[in-house]
Number of protein chains: 2
Amino acid sequence: MATLMDVAHAAGVSKATASRALHRPDMVAEGTRLRVREAADRLGFQLNAAARALTTGRTGLVGLIVPTLSNPFFAPLVIGAQQAAEDTESHLLIAVSEYDAEREAALADRLSEQADGLIMVTPVGTDAALRERFRRQPLVLVDRQVGRLPAVVADTAAGLAELLGRLLDLGHREIAYVSGPAGSWADAQRRAALTAQASEAGAHVHVLGPLPPTFDAGIEASRSLPAAATAVLAYNSYLALGLLHGLGTTGRRVPEDISLAAADDLSTLGATTPPVTALDVPLQQVGRLAVTRLHELLDGQRRTVTSRVPAAPVLRASTAPPRVS
Amino acid sequence: MATLMDVAHAAGVSKATASRALHRPDMVAEGTRLRVREAADRLGFQLNAAARALTTGRTGLVGLIVPTLSNPFFAPLVIGAQQAAEDTESHLLIAVSEYDAEREAALADRLSEQADGLIMVTPVGTDAALRERFRRQPLVLVDRQVGRLPAVVADTAAGLAELLGRLLDLGHREIAYVSGPAGSWADAQRRAALTAQASEAGAHVHVLGPLPPTFDAGIEASRSLPAAATAVLAYNSYLALGLLHGLGTTGRRVPEDISLAAADDLSTLGATTPPVTALDVPLQQVGRLAVTRLHELLDGQRRTVTSRVPAAPVLRASTAPPRVS
DNA sequence: TTGTATGCGTTATCAT
DNA sequence: ATGATAACGCATACAA
């Protein structure tokens, strides 16, 4: 592989000039810039990332830790992060924690050796550990808020509140919320938002769970819904699909007998019978923003704020006025 | 951050000895090894990856390019690759090509600057381009064979043939195959394997498509199945789910009126009504193997062979003998 | 505008 | 078994 030295030689300039011609175009005469560029192209020159990293102290690598990839929910997050990384000439170093706090910590330790900073979507695990980690390295949290640590969160709580509002408008007063994994930060936010708003409106939210966010758990949940409930909100699409399935097998029709909605929107929700009302969570934007925030952090712009990205309800056929009984 | 020099100083030895104490335990006296280790721990020393890469010529990074993450099908691949990477002290640099050959090439170029080698799962794109890339950098292909390039493939063609065998045993003679994306290497393999085996058994395979591997396309396909077909095989789970749905709405019962099976096995296939017979593709193992192969390549062990991982049918309630009419 | 020289943190070579 | 020292390839402070 050709080195900068080779390029400099071929162009008849010094290493320093060659380096500047490539990275500081305005610090060099137009003519030499062209000659260097030409030589670089001709030799197929590629900058040695390691050497560059050694001098600049930047690797150009962004560490991203997600709990799972088995849930397509996270795909847009990765896509968005990748887009932002491309825009900033950096790359994504990905690791999957499998919802295991210990494993997550180990991965974070290992990634941080190579990456300039970390983006973690870590629904479980303690606040203290994250605080401690932030002390040691640039860190942006996703879908979780810990004190004033930099974070990007999709505001599903607010979105879900809006969704609840629609249900209240339709006339529902007894609503079940099938909650997600134990200890989930996002889930706690949603429960709080829902119960607060319901009591304000003279309605009541029955909380089921915590439950694993799976299809099977949804089926189970469909059997233990409070009899009074005329609508049910699910923590995620899998639970919603399970609920839909479970309700179907026990002869309860959606939405005639009971309305159904989910707090995230996997594409399959639009293709079921009936299509399921859901919350559109702009995770791609969240991913982009997280990378942007991280770079701000690295550049010393101390924007340790939480960015909120709004989530909006997508109304489909699974929600309707309650049965008048 | 403490450097190796600091550690050496603290332990009262030279840089060289400190380095050896950490990486070549057998080249150093037991006593000094302990002192160095202790000093390193005390100072919270972390090896600078860039400096190490600069001298060794190895970054310890493995580039992985996948077509999408929206299909959970690929999740186990990433998990497996990550496991193997952990075992070899390396990391995963991931990029998503979105099934776009041009984008894929650009990503590969960018990743290759930082990674020691690439693992590409690239169902589309030309053989020539891959050959050319392999000339320039260590490369392992996944689920695709190009000449003698190193590759790891899940043998879905053979698995599907086995599945077809079961259907033939059940008495089916007219079988529809709903094929996947145009230009897919794996799909071509499967069509060939199916038609060959069918004609040998005096049966007939009707090929539909190519189709995008989506739920919606599956619904569409359910409307254009040949009337004679008593069983249908789908390129993937999404098509199968769409078919199941589409058949249901048009009043055809599975498996009484028609049998259904898929050539991959997303977990939801086990939870539908009826559960759908499918091919279990051990993608996690494929991921592990791909990383292993890449490391062999990097270590100069020229094992440019194709590794095949068998895929086995999982029989569920969606397949049954054909209706006697 | 351009060149010279130094340092980044590590591994490897060659002595001792 | 250990130490001195030379690379590795690049960016940058300083000189010219």
Side-chain angles (χ1 to χ4, degrees), chain A residues 1-40 43-61 89-90 110 112-116 137 298-299, chain B residues 1-40 43-61 89-91 112-116 298-300:
Chain A
M1 177 65 28
T3 98
L4 187 60
M5 177 80 107
D6 301 330
V7 174
H9 199 78
V13 300
S14 72
K15 277 196 309 183
T17 305
S19 175
R20 287 188 281 247
L22 264 22
H23 304 294
R24 301 261 199 288
D26 41 319
M27 281 184 65
V28 100
E30 179 69 8
T32 54
R33 211 200 69 203
L34 258 40
R35 266 183 304 137
V36 172
R37 273 237 176 287
E38 185 274 331
L43 273 56
F45 170 71
Q46 282 196 314
L47 236 115
N48 181 313
R52 186 191 177 86
L54 187 54
T55 52
T56 62
R58 289 265 195 117
T59 63
L61 263 31
E89 312 269 77
S90 48
R110 299 198 51 222
S112 62
E113 297 171 21
Q114 306 242 13
D116 292 331
Q137 68 198 229
L298 293 174
D299 293 343
Chain B
M1 174 67 30
T3 96
L4 188 60
M5 178 79 110
D6 301 332
V7 174
H9 199 78
V13 298
S14 71
K15 279 194 308 182
T17 304
S19 175
R20 285 189 283 248
L22 263 22
H23 304 293
R24 301 263 199 287
D26 41 320
M27 280 184 66
V28 101
E30 179 68 8
T32 54
R33 210 200 69 203
L34 258 40
R35 265 183 305 137
V36 172
R37 273 237 176 287
E38 185 275 332
L43 272 59
F45 170 72
Q46 281 196 313
L47 212 70
N48 181 313
R52 184 192 179 89
L54 186 55
T55 50
T56 61
R58 288 265 195 118
T59 62
L61 262 32
E89 312 268 76
S90 48
H91 291 287
S112 62
E113 297 169 22
Q114 306 241 15
D116 292 331
L298 294 173
D299 293 343

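These numbers come from the heavy atoms of this one structure, side chains and all, not from hydrogens, waters or symmetry mates. Every chain is numbered from 1 and lettered A, B, ... according to where its sequence line falls, protein lines coming before strand lines.
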Worksheet item: Thinking salt bridges, do B:Arg58 and B:Asp299 make one under a 4.0 Å N-O criterion?
Response: yes
Heavy-atom side-chain proximity of [X] to [Y] below 4.5 angstrom:
| X | Y | value |
| --- | --- | --- |
| B:Val36 | B:Val13 | yes |
| B:Leu61 | B:Asp116 | no |
| B:Arg35 | B:Glu38 | no |
| A:Thr59 | A:Arg52 | no |
| B:Leu4 | B:Phe45 | yes |
| A:Glu30 | A:Leu34 | yes |

Return the value, rounded to whole Å, for the distance between atom [atom1] of [X] and atom [atom2] of [N].
| X | N | atom1 | atom2 | value |
| --- | --- | --- | --- | --- |
| A:Asn48 | D:dC8 | CG | P | 11 Å |
| A:Glu113 | C:dT10 | CD | P | 11 Å |
| B:Arg58 | C:dT11 | CZ | C1' | 14 Å |
| A:Leu47 | D:dC8 | CG | C1' | 14 Å |
| A:Lys15 | C:dG3 | NZ | P | 13 Å |
| A:Met1 | D:dC8 | CE | C1' | 15 Å |
| A:Leu54 | D:dA11 | CG | P | 11 Å |

Worksheet entry | Residue-level proximity of residues 21-36 of chain B to DNA chain C when a heavy atom falls under 4.0 Å | B:His23, B:Arg24
Approximate separation, where rounding is to 0.5 Å, of [X] [atom1] and [Y] [atom2]:
| X | Y | atom1 | atom2 | value |
| --- | --- | --- | --- | --- |
| A:Leu22 | A:Thr17 | CG | OG1 | 11.5 Å |
| B:Gln46 | B:Met1 | CD | CE | 5.5 Å |
| A:Ser14 | A:Met5 | OG | CE | 10.0 Å |
| A:Thr32 | A:Arg20 | OG1 | CZ | 10.0 Å |

Discussion item. Between the opening five pairs and the closing five pairs of the helix from C:dT1-D:dA16 to C:dT16-D:dA1, how far apart are the helix axes, to 10°?
Written reply: 30°
Should [X] be listed as having a side-chain N or O under 4.0 Å from OP1 or OP2 of [N]?
| X | N | result |
| --- | --- | --- |
| A:Ser14 | C:dG3 | yes |
| A:Arg52 | D:dC10 | no |
| A:Ser19 | D:dA11 | yes |

Worksheet item: Taking all non-hydrogen atoms of both residues, which atom of A:Arg33 and which atom of A:Ala21 are closest, and how far apart?
Response: CG-O, 3.7 Å
Worksheet item: Which part of the nucleic acid, if any, lies within contact of A:Leu4, taking any heavy atom under 4.0 Å across all strands shown: a base, the sugar-phosphate backbone alone, or nothing?
Response: sugar-phosphate
Nearest to the [X] side chain among [options], which nucleotide is it?
| X | options | answer |
| --- | --- | --- |
| A:Ala16 | D:dT12, C:dT2, D:dG3 | D:dT12 |
| B:Thr17 | D:dG3, C:dT10, D:dG9 | D:dG3 |
| B:Val13 | D:dG3, C:dT4, C:dT2 | D:dG3 |

Strictly under 3.5 Å: I want the nitrogen or oxygen pairs between protein and nucleotides 14-16 of chain C, one per line.
none

